[in-house]
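Each remark here refers to the structure printed beneath this line.
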Amino acid sequence: MAHVRVQQAPFDAGREIAALTQGRRDVGAVATFVGCVRDRNEGDAVSRMTLEHYPGMTEKALEEICAEAARRWDLLDTRVVHRVGPLEPGEAIVLVAVSSAHRGEAFAACEFIMDYLKTRAPFWKKEETPAGTRWVEARSSDDEAAARWQGGEGRP
Amino acid sequence: MAHVRVQQAPFDAGREIAALTQGRRDVGAVATFVGCVRDRNEGDAVSRMTLEHYPGMTEKALEEICAEAARRWDLLDTRVVHRVGPLEPGEAIVLVAVSSAHRGEAFAACEFIMDYLKTRAPFWKKEETPAGTRWVEARSSDDEAAARWQGGEGRP
Amino acid sequence: MLRERGADMVTVLYFAGLRERLDCAREEVPLPPGTPTVGSVIERLRARDGRWSDAFAPGRAWRVAVNQRMADLATPLKPGDEVAFFPPVTGG
Amino acid sequence: MLRERGADMVTVLYFAGLRERLDCAREEVPLPPGTPTVGSVIERLRARDGRWSDAFAPGRAWRVAVNQRMADLATPLKPGDEVAFFPPVTGG
C-alpha cells in the first residue's frame, strides 16, 4: 500500500503531495514532513553530508514502518522518499507524506514514521566539517522520540 | 514573521514549502498540513462547500495563532494559506507549513496552528448535500484538540 | 426604534448562519448608558422580536469579537467599536 | 583461517563506521556447530585480532540485521543467511 523510494536524485514535495490527492475526493488531510541538510550540527559547520544505506533492507524497513503506521491509524495512503549519496546543506534528504480522512491520524502517523525511520531504517550520515569527516552519532533524543510510540497506542 | 494569506485562488503546496527552504541552509525540518474538501461529511454526500470568512479579522486571527506558536516553539518560519469561496470535493482548503531546525518543533507547531485555527479563526463552512444546503456544525473533537494545548506547554 | 440623535453607537456585524437567521448582516446599535459591555448589548438585542430573542436565547452557541479580536460577555465597549456575533467557527 | 570444506557459511556484511573500522565490507563466516545464533557468530568475530575484538567489545553500540530484518543476539542462524552488523542508524 505504501509508496517507498530510496534514490540519489532530488524529489519534488509538491508532486509527492499531489500524488496523494490527485483525482481523489475522500482525502481530508495530508501531513507531510521534509527533512533537510543543515549547515551546522553539534556546533560544527557542515559543508557536505553523504548518506550510506543498506540496499534492499532500507526499502523493506521503510515499508514495514509504513505498514505498522497503517495498522495503528486509519490511513488512506503513505509515501516515503529518502535520498542517498552526497548532499549539500539546504538540500532535502527525506519526505514522509500521509493522507487520511482527518488530520489527527495524518499528523500522528507522519510523526510516527519519521521517529521510527530515524531509529530503525538502515541509513548512516557522514559529515564533512572543518575538523574533518565524521560519522554522525545516533541521538538519544531520537531514541526517546521513537520510545514514545512503544506502547503501540495511537497518540504519542 | 509569519506569512498569512486568505484567498479564493488555489495554492501550490510545493511552492509554499519551497518558500521556506529556498536559499536557506539553517532549515532542518519542514512540517506541512494540507486540508481538503471531502465528498462526505457526517454520513452525507457533499457536492460543494462554500467558505465564508470575516475579512480583516481572519488574517489577524491567523497571524496571532502563528505568533503564539512562535512563542511556544523555536521556529524559523511559518506560512498559512486559507481559501474562501466555493470549493469542490478534492480541492485544497488550507495549508499550514512550519520550518525549524529539528522535526519535533515543526510537527508540534504545525498541529498546534491547525488545532487553534479550527476553533479561533473566523471561517464558516456551508455544505451542499442531497438533503439541501447546511452550515457545518463545529465539532467537539476540534474543541478537544485545541484544549490539548491549553496548558501553554510545548508538546500536546 | 427611533435613533437617539448623537447617542453613542457601535457597529454590529453578523456572520454565517446567524446572519441568515436574523436576515441582517450589519447594523448600528446605540450603546446602553453606564459602562456598556458586550453583555449589555446582548440584553438589548434579546429585547427585540422573536428572531433576535431566539437567536441569542440562553444555551445557543455563538461567539463574539470586538474590534476583530475574540471577546466575551464581559468585554467593555466604547462608541465606534466593531462588534461581531457569529456561530462557532468551522474553518480549516 | 582454513575454510572448512563444505562447512555451513553465513554471509556477513558491515556498514558505515563499522566497515571502515574493520576495513571489511563483506565476508563469509562458517557457522559454529550446534544451534548457531547471532551471539555465537559475535563470539567468533571477537576471537579475532584487535580490530575485531575492539569493534565488538562490550559496551560498543552496534545493531544487527538477519536477512534484512532487525535482529538481536538471540536470533537463530542457518546456512546461507545474510547477517549485517552496523552502527546505530542515523537516517531521516
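For the numbers below, each heavy atom of this structure counts, side chains included, while hydrogens, waters and symmetry mates do not. Chain naming here is simple, since letters A, B, ... match the order of the sequence lines and numbering starts at 1 in each. Model, not experiment: these values are computed from the prediction.
Within the 4.5 angstrom heavy-atom criterion, only backbone atoms of B/Ala121 (N, CA, C, O) approach chain C. Using a 4.5 Å cut-off between heavy atoms, B/Lys60 touches chain C through its side chain atoms alone. In this structure, chain C has no heavy atom under 4.5 Å from any part of B/Arg139.
Between C/Phe85 and C/Leu13, the closest side-chain pair of non-hydrogen atoms is not below 4.5 Å. Proximity of B/His82 to B/Phe123: side-chain heavy atoms (C-beta onward) are separated by under 4.5 Å at one or more points.
A 6.0 Å sphere centred on CZ of B/Arg15 holds no more than 12 heavy atoms belonging to other residues, nucleotides or ligands.
For a heavy-atom cut-off of 4.5 Å, chain B lies close to no residue in residues 54-61 of chain C.
With hydrogens and angles ignored, the 3.5 Å screen pairs no side-chain donor or acceptor of B/Glu105 with any backbone N or O of B/Ala108.
A donor-acceptor pair shorter than 3.5 Å cannot be found between the side chains of B/Tyr116 and B/Glu64. Residues C/Glu20 and B/Trp135 bring a donor and an acceptor atom of their side chains to less than 3.5 Å of each other.
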What do the steps show when you test B/Arg5 against B/Glu16 for salt bridge (Lys or Arg N to Asp or Glu O under 4.0 Å), and what is the final call? CA-CA 11 Å; B/Arg5 297 200 314 269; B/Glu16 298 300 328; 2.8 Å; yes
